[in-house]
2 protein chains.
Amino acid sequence: MADEHHLELLWGGEPPSGRGRPARTTREQVVAAGIARADAGGLHELSMRQVAADLGVGVMSLYTQVESRDGLVVLMIDRAFAEVTDTLGRRDGEPWRDAAARQARTLWDLYGRHPWILDHGHRMPMAPHVLALEDAFYTPFLDIGLPASASANAAIALRSLVTGLARDSRSEQDQVRRTGVGYAEYWSSLNAVFWDRYFDEERYPAMTRLWYAGGFAAEDILAGEGILERAVAAYLDGIAVRVQPGGTGQGTGGA
Amino acid sequence: MADEHHLELLWGGEPPSGRGRPARTTREQVVAAGIARADAGGLHELSMRQVAADLGVGVMSLYTQVESRDGLVVLMIDRAFAEVTDTLGRRDGEPWRDAAARQARTLWDLYGRHPWILDHGHRMPMAPHVLALEDAFYTPFLDIGLPASASANAAIALRSLVTGLARDSRSEQDQVRRTGVGYAEYWSSLNAVFWDRYFDEERYPAMTRLWYAGGFAAEDILAGEGILERAVAAYLDGIAVRVQPGGTGQGTGGA
DNA sequence: GATCCTTTCGGTACAGCGTATGGAAAGTCC
DNA sequence: GGACTTTCCATACGCTGTACCGAAAGGATC
């Protein structure tokens, strides 16, 4: 009923069995080739034919390793998340806020290295290393004694905040990278033509105020990473307010 | 250099000129048909041939109205955002936090009605009614005297938070709707099979704690809208902390 | 009314996609 | 040396977006 999650593919670790014609290619190689393609040109330039060509292999041979294109993408995501699995855990003596902020930053950087993850249409797959990251995100909030459902909510929201911000900012950098135009150049020229050809200052008063106050300067918004740190800090402040007044821990309830 | 933004399509209001063979179809009709298709089956079931068939029109005739499939999607997004343009503005006497929270909730509901917006690969288009929403999001933060770049950051982060949360939660509801299985049923069966076939409690200690504490009960996480309100409230608390201590307004600087 | 001009219509065609099918090939095991 | 098992991959099918271009349908002009 629900095997669009590729659970067997992700979790079933069947050994190769030894018999029969040996495969010219391992699953890891296929996944790595897919990641290379996606890193270079985004998810929509990842075609089975291209990956097969990169590996010097027939197209249909890939399907002995990955079951479908969607399955390949899911495996690629798992592989990408594996890059950070070991660095996520909360360290000895690390304050919970530092841990949460560091994890957020780690995820942000991961999206920076593999922006195509953000183009994945569905929810993040239930993959081993994706779960590892989610588990790490829950930890700081559980440790400060937030109730279970509040911890879950807080962690999910933090993750969504990072993901949403990454989508908003990275996608433009992608566009820049594809067209080869420099970021400042691209941004200013686009804004210039847009601003004095179409923009109606009376229709968008807030943006107009921001524009003249310099709030849209490229280095303030997307180019710098400041937006992530600021947003995460604000969100964690909100969580801190919620946990401090009640004491150190207000009855987690649960193992 | 940059006409993948469809600026002409979105902002250029050329009148139909009168002469020549009259069109059998208006742009609004095409966009409406596209929205109907996408509402029913998601963006990946939106094909030009389908839309044309729905309108009883040849496929290529659509291209006199929309320039490309991507242009159609962009117009559909603009049209969807137009649904809420009039309800966004801050009301008389409305506290800034209420305004921001209401706007966030409005966007959330919009995503609920048209989940396919979240499947759009690129950044939100520079469309009239999308800008209207962005403008509204900036307003509360500007009004409390946050500096220009901080206002921009805060509004973008709030928007990204809503978008990220919507993507995380809605996509699963989508899946449920497509397969026709009830939500609770689907979730519990998936979790049951996953939990006791693959899950390793030692590998994911935080999730294990949450699981046994009931933090993953469906009604607490995705099904309820509580997660949005909680996350937005926490984030706005963080912003409030940031503006209160400095006084009522700490020198916006700008028009 | 006939002609020209402008615009839209839409059939055909093409390149690309994911992948089902199934015979050939290449190993291990008895 | 069969028998068996597994992989390889050429071919084919249906689907996609859309370039091309002659045909059609209206207004404008004579």
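Every chain is numbered from 1 and lettered A, B, ... according to where its sequence line falls, protein lines coming before strand lines.
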Any side-chain N or O of [X] under 4.0 Å from OP1/OP2 of [N]?
{"X": "Ser61(B)", "N": "dG10(C)", "value": "yes"}
{"X": "Arg24(A)", "N": "dC9(D)", "value": "yes"}
{"X": "Arg69(B)", "N": "dG17(D)", "value": "yes"}
{"X": "Thr64(B)", "N": "dC9(C)", "value": "yes"}

Between [N] atom [atom2] and [X] atom [atom1], what is the distance in whole Å?
{"X": "Leu43(B)", "N": "dT16(D)", "atom1": "CG", "atom2": "C1'", "answer": "15 Å"}
{"X": "Gln29(A)", "N": "dC8(D)", "atom1": "CD", "atom2": "C1'", "answer": "15 Å"}
{"X": "Tyr63(B)", "N": "dC21(D)", "atom1": "OH", "atom2": "P", "answer": "18 Å"}
{"X": "Gln50(B)", "N": "dG14(D)", "atom1": "CD", "atom2": "P", "answer": "17 Å"}
{"X": "Glu67(A)", "N": "dT7(D)", "atom1": "CD", "atom2": "P", "answer": "14 Å"}
{"X": "Met60(A)", "N": "dA24(C)", "atom1": "CE", "atom2": "P", "answer": "18 Å"}
{"X": "Met48(A)", "N": "dA20(C)", "atom1": "CE", "atom2": "P", "answer": "11 Å"}
{"X": "Leu55(B)", "N": "dG10(C)", "atom1": "CG", "atom2": "C1'", "answer": "14 Å"}

Requested in this report: Find out whether Trp116(B) and Ile35(B) are in side-chain contact, i.e. whether some heavy atom of one side chain is under 4.5 Å from a heavy atom of the other.
Outcome: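 Yes, at least one pair of side-chain atoms sits under 4.5 Å.
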Have a look at [X] and say if it touches a base, only the backbone sugar-phosphate, or nothing, with a 4.0 Å heavy-atom cut-off.
{"X": "Gly20(B)", "value": "base"}
{"X": "Leu72(B)", "value": "nothing"}
{"X": "Leu62(B)", "value": "nothing"}

Requested in this report: Could you tell me how the ring of Trp195(A) sits relative to the ring of Phe199(A): parallel (under 30°), tilted (30 to 60°) or perpendicular (over 60°)?
Outcome: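 If you compare the ring of Trp195(A) with that of Phe199(A), the planes turn out parallel.
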Query raised in the report: When you match Arg49(B) and Arg21(B) each to their closest nucleotide on DNA chain C, which lands nearer the 5' end?
Result: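 It is Arg21(B), whose closest nucleotide lies nearer the 5' terminus.
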Report task. Might you work through the salt bridge (Lys or Arg N to Asp or Glu O under 4.0 Å) test for Arg113(B) and Asp109(B), ending with a clear yes or no? Result -> CA-CA 6 Å; Arg113(B) 286 195 301 277; Asp109(B) 289 339; 5.6 Å; no
Query raised in the report: From dT6(C), dC9(C), dT19(C), pick the nucleotide closest to the side chain of Arg19(B)?
Result: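 My answer, after comparing the listed nucleotides, is dT6(C).
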Requested in this report: To the nearest 0.5 Å, tell me how far Tyr138(B) OH sits from Glu134(B) CD.
Outcome: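 The distance works out to 5.5 Å.
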Query raised in the report: If you measure from CG on Leu75(A) to CZ on Arg27(A), what distance do you get to the nearest 0.5 Å?
Result: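 Those atoms lie 5.5 Å apart.
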Requested in this report: Select from Leu46(B) and Pro22(B) the residue whose nearest nucleotide in DNA chain D is closer to the 5' end of that strand.
Outcome: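 The 5'-side residue here is Leu46(B).
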